[in-house]
> 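One structure coming up, written as structure tokens, with questions to follow.
The structure presented is a predicted model; accordingly, all values stated were derived computationally and were not measured. Numbers for residues simply follow the sequence, beginning at 1.
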Amino acid sequence: MPKQIIRPRFAVWAITAMVILLALLMSWHKIEREASGTALEVASKRILERANFYKQQWLLAKQPQQLVIGQNVIHYSAKGWVKPVNASNNLDCNYWLAILYEERQVLGNLPKKMEENSTSSNFQCKYYFEDSGAITIDLIGDKFNVDAIFTAE
């Protein structure tokens, strides 16, 4: 093929490749945010699933105040939900997350910050993950709830 035809074709392909690469780079942030949101949602569903597993164990064991499952001492509420109380009988949000979500990571990141807002009978722990958002675990009025909170940009 003559050089006069090869050069324009190469230029067209090079420009097309650059446009595609530029479009991908421009949409990458949006894709990353959506992936982070999905990962938080999946983690919150796994936490709820694990909490339900522990509640089933509590029911099968005839509703004790605490159970030893594996190497963990699990303290239960009156309705069978796991309380954020560690083996030393201290309020511990890190222990709660470790019990309910063993991986503790969302997209490879551990929580960068944790907020605890609890009283003697109501518990709330909020776990912040990088820039993607947070997961809140509540046990208020013996009602268990897990929420994934997304950051707005």
> Measuring only between side-chain heavy atoms, which start at C-beta, is Tyr54 closer than 4.5 Å to Ile99?
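Yes - at least one pair of side-chain heavy atoms lies under 4.5 Å apart.
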> Apply salt bridge (charged side-chain N to carboxylate O under 4.0 Å, His left out) to Lys79 and list each qualifying residue two or more places apart in sequence or on a separate chain.
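With neighbours one apart ignored, the set is empty.
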> Side-chain contact test, heavy atoms from C-beta onward, threshold under 4.5 Å: evaluate it for Phe144 versus Val82 and give yes or no.
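Side chain of Phe144 against side chain of Val82, heavy atoms only: no contact under 4.5 Å found.
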> Taking only residues two or more places apart in sequence, or in another chain, which ones meet Asp142 in a side chain to side chain donor-acceptor pair (under 3.5 Å)?
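By the side chain to side chain donor-acceptor pair (under 3.5 Å) rule, Asp142 matches Ser77.
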> Indicate, with yes or no, if Leu67 and Phe53 share a hydrophobic cluster defined by side-chain heavy-atom contacts under 4.5 Å among Ile, Leu, Val, Met, Phe, Trp and Tyr.
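They do share one cluster, since a chain of ILVMFWY contacts under 4.5 Å joins Phe53 to Leu67.
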> Output all residues satisfying side chain to side chain contact (heavy atoms under 4.5 Å, CB included) with Glu34, sequence neighbours left out; order by chain, then residue number.
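For Glu34, the residues satisfying side chain to side chain contact (heavy atoms under 4.5 Å, CB included) (neighbours in sequence not counted) are Lys30.
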> Can you list the residues that meet the side chain to side chain contact (heavy atoms under 4.5 Å, CB included) rule with Lys62, with sequence neighbours excluded?
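Applying side chain to side chain contact (heavy atoms under 4.5 Å, CB included) to Lys62 gives none.
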> Could you pull out all residues at least two apart from Glu115 that satisfy side chain to side chain contact (heavy atoms under 4.5 Å, CB included)?
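For Glu115 the side chain to side chain contact (heavy atoms under 4.5 Å, CB included) partners, ignoring immediate neighbours, are Lys113, Lys126, Tyr128.
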> Dump the intermediate steps for side-chain contact (heavy atoms from CB on, under 4.5 Å) on Asn90 and Val85, then the final yes or no.
CA-CA 5 Å; Asn90 295 322; Val85 176; over 6 Å; no
> Is the closest side-chain heavy-atom distance between Ser36 and Phe129 below 4.5 Å?
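With C-beta onward as the side chain, the pair stays apart.
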> Using side chain to side chain contact (heavy atoms under 4.5 Å, CB included) as the criterion, list what pairs up with Leu91, not counting sequence neighbours.
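With neighbours one apart ignored, the set is Pro84, Glu116, Ser118, Phe123.
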> In chain order, what residues pass the side chain to side chain donor-acceptor pair (under 3.5 Å) check against Gln105, with sequence neighbours excluded?
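Not a single residue meets the side chain to side chain donor-acceptor pair (under 3.5 Å) criterion with Gln105.
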> Side-chain contact, heavy-atom cut-off 4.5 Å: Val68 with Ile74?
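Val68 does not reach Ile74 side chain to side chain.
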> Would you call Glu41-Lys45 a salt bridge at under 4.0 Å N-O?
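Judged by the 4.0 Å cut-off on N to carboxylate O distance, Glu41 and Lys45 do form a salt bridge.
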> Who pairs with Tyr95 by ring-ring contact (aromatic ring centres under 6.0 Å, His included), at least two apart in sequence or on another chain?
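Tyr95 satisfies ring-ring contact (aromatic ring centres under 6.0 Å, His included) with no residue once adjacent residues are dropped.
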> Are Val73 and Asn86 close enough, and set up right, to give a side-chain contact (heavy atoms from CB on, under 4.5 Å), and what steps lead you there?
CA-CA 7 Å; Val73 177; Asn86 62 24; over 6 Å; no
> Ignoring hydrogens and angles, tell me if any N or O in the side chain of Asp92 forms a donor-acceptor pair with the backbone of Asn94 under 3.5 Å.
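Answer holds: yes.
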> My understanding is that a hydrophobic cluster links ILVMFWY residues whose side chain heavy atoms are under 4.5 Å apart, including indirect links. Using that, what else belongs to the cluster containing Leu22?
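Under the 4.5 Å side-chain rule, Leu22 groups with Met26.
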> Counting C-beta onward and ignoring hydrogens, is there a side-chain heavy-atom pair between Ile135 and Ile149 closer than 4.5 Å?
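No; the side chains remain at least 4.5 Å from each other.
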> Listed by chain and number, what are the side chain to side chain donor-acceptor pair (under 3.5 Å) partners of Asn145, not counting sequence neighbours?
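Side chain to side chain donor-acceptor pair (under 3.5 Å) check on Asn145 returns Asp147.
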> Test of understanding: with side chain to side chain donor-acceptor pair (under 3.5 Å), list the residues that count as partners of Ser44, not counting sequence neighbours.
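For Ser44 there are no side chain to side chain donor-acceptor pair (under 3.5 Å) partners, ignoring immediate neighbours.
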> Donor-acceptor pair, distance only, cut-off 3.5 Å: does the side chain of Trp81 make one with the backbone of Lys143?
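No: the side chain of Trp81 does not pair with the backbone of Lys143.
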> According to salt bridge (charged side-chain N to carboxylate O under 4.0 Å, His left out), does anything in residues 95-110 pair up with another residue at least two apart or in another chain? List the pairs.
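Found Arg46-Glu103, Arg50-Glu102.
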> Quick one, Gln57 and Tyr76 - any side-chain contact, counting heavy atoms below 4.5 Å?
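With C-beta onward as the side chain, the pair touches.
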> Does any N or O in the side chain of Lys112 come within less than 3.5 Å of the main-chain N or O of Glu130, such that one atom is a donor and the other an acceptor?
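Between the backbone of Glu130 and the side chain of Lys112 there is a qualifying donor-acceptor contact (under 3.5 Å).
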> Taking side chain as C-beta onward, heavy atoms only, is Leu139 less than 4.5 Å from Lys83?
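Contact flag for Leu139/Lys83 side chains = yes.
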